[in-house]
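Inspection log for the structure reproduced underneath, given as structure tokens.
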2 protein chains.
Amino acid sequence: MDESTPQIRIDTWLHALRESGYRLTPSLRAVVAVVAESHHALTPMQVLALAQAGDAEISRATVYRTLEKLVELRLVQTVHDASDCLRYVAGDADHQLLVICPQCGRSDAVQSERLMGLVNAIAADHGYRLKDRLLQIFGICPECQ
Amino acid sequence: MDESTPQIRIDTWLHALRESGYRLTPSLRAVVAVVAESHHALTPMQVLALAQAGDAEISRATVYRTLEKLVELRLVQTVHDASDCLRYVAGDADHQLLVICPQCGRSDAVQSERLMGLVNAIAADHGYRLKDRLLQIFGICPECQ
DNA sequence: GTGATTGCAAAGCGTTTGCACCGTA
DNA sequence: TACGGTGCAAACGCTTTGCAATCAC
């Protein structure tokens, strides 16, 4: 997350969106303002509520479609609740980095003291009391290459 | 992921489940067999299909309920597709570790060359061609403590 | 025997889609 | 003016739930 002021970030995002050929509509601006200014991970429904609270007239569908654009441009990233699950695989998330092949679904769980130590240190540095980890990387496995 | 044989892992899991007071029903055994033997991240529906293919008579609801138990006992962990999203937050997932407070939703994006280097090295060691990263840790933030 | 577990089917809920209208460029 | 974007509402699909029947212990 960069350290620019909210307004500068908003302008940067709008500029990037226009550069990519998107039209700067009021709905889009509203979503950008909400997400760019927030220091919180927001659900689409929360974005909708905040945008509407800020006077904007906007629909659910547009929120989803706009968030998609922001992700596409890498201005925004998605956060995954540890409790939310799409797939299940043997292993204990608290002590492993999971390497997953998005093509075939194969997964390898990797134990790495160094990695865990590093992650713990980062959390401590920022004053967070660590609860859960979600360390997963996605790559094409040897067989699918 | 431990290196034991499938059968031993199945027995270990069943033992742990019984220890926790769960009854070892045919449906539960079927789910355990499928997930413990697989080296793939499976969706609940895939688990269902595989269990049914293996002769078991089992319903969707039971698959969900059984997977919950396995996660609770930390025998299984959930995998999150990079494309699936619950919340959105400013930042670029490819270069950051996200620290999130599950209580208030606050998030801090951390850049760490060492962490990224370590992750890249691990992927390479295992023969994976890295595509996406999902490095997120959850901890109570200073203000919520 | 008895209380946990299951199957079924309905309900739930966030997300996606189709389409006519609107507004940016 | 043209066509990308929007709102609405219906459709969708995975997940959850209620309840009676079942079965592990």
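These numbers were taken from a predicted model, which means no experiment stands behind them. Protein chains get the first letters and strands the later ones, always in sequence-line order, with residue 1 at the start of each.
Projected onto DNA chain D by closest heavy-atom contact, Glu68(B) and Arg23(B) fall at different nucleotides, the more 5' of which corresponds to Glu68(B).
Per the geometry, NE2 belonging to His80(B) stands 16 Å off C1' belonging to dC14(D), to the nearest Å. Regarding Leu48(B), its CG atom lies at a distance of 13 Å from the P atom of dT6(C), rounded to whole Å. The nearest whole Å value for the distance from the NZ atom in Lys69(B) to the C1' atom in dT16(D) is 15 Å. In this structure, the CG atom of Leu42(A) is 16 Å from the C1' atom of dG14(C), given to the nearest Å. Residue Met45(B) contributes atom CE, which lies 11 Å from atom P of dG13(D) at whole-angstrom precision. One can place CD of Glu57(A) at 7 Å from P of dC8(D), the figure rounded to the nearest angstrom. If you take CG of Leu17(B) and P of dC25(D), they are 11 Å apart, rounded to a whole angstrom. Between the CG atom of Leu67(B) and the P atom of dT6(C) there is a distance of 12 Å, given to the nearest Å.
Of the candidates dA25(C), dG7(D), dT6(D), the closest approach to any side-chain atom of Leu24(A) belongs to dA25(C). The nucleotide whose nearest atom lies closest to any side-chain atom of Ile58(B) is, among dT5(C), dG7(D), dG7(C), dG7(C). The nucleotide whose nearest atom lies closest to any side-chain atom of Ala61(A) is, among dA9(D), dT6(D), dA24(D), dA9(D). Considering only side-chain atoms of Thr66(A), the nucleotide from dA9(D), dT6(C), dT6(D) that sits closest is dT6(D).
Proximity of a side-chain donor or acceptor of Ser38(A) to a complementary backbone N or O of His40(A) within less than 3.5 Å is detected. Using modelled atom types, one side-chain atom of Ser20(A) and one backbone atom of Ala16(A) make a donor-acceptor pair closer than 3.5 Å. A donor-acceptor distance shorter than 3.5 angstrom exists from the side chain of Arg9(B) to the backbone of Ala36(B), with no hydrogens or angles considered. A donor-acceptor contact shorter than 3.5 Å is absent between the side chain of Gln77(A) and the backbone of Val89(B).
Under the 4.0 Å criterion applied to side-chain N and carboxylate O atoms, Arg106(B) and Asp108(B) are assigned as salt-bridge partners.
Judged by distance alone, with hydrogens and angles left aside, Arg65(B) brings a side-chain donor or acceptor within reach of the base of dG7(C), the pair sitting under 3.5 Å. Looking at Arg60(B), its side chain has no donor and acceptor atom pair within 3.5 Å of the base of dG13(D).
Neither OP1 nor OP2 of dT24(C) sits under 4.0 Å from any side-chain N or O of Thr25(A). Dashed line: the shortest gap from a side-chain N or O of Thr62(B) to OP1 or OP2 of dT5(C) is not under 4.0 Å.
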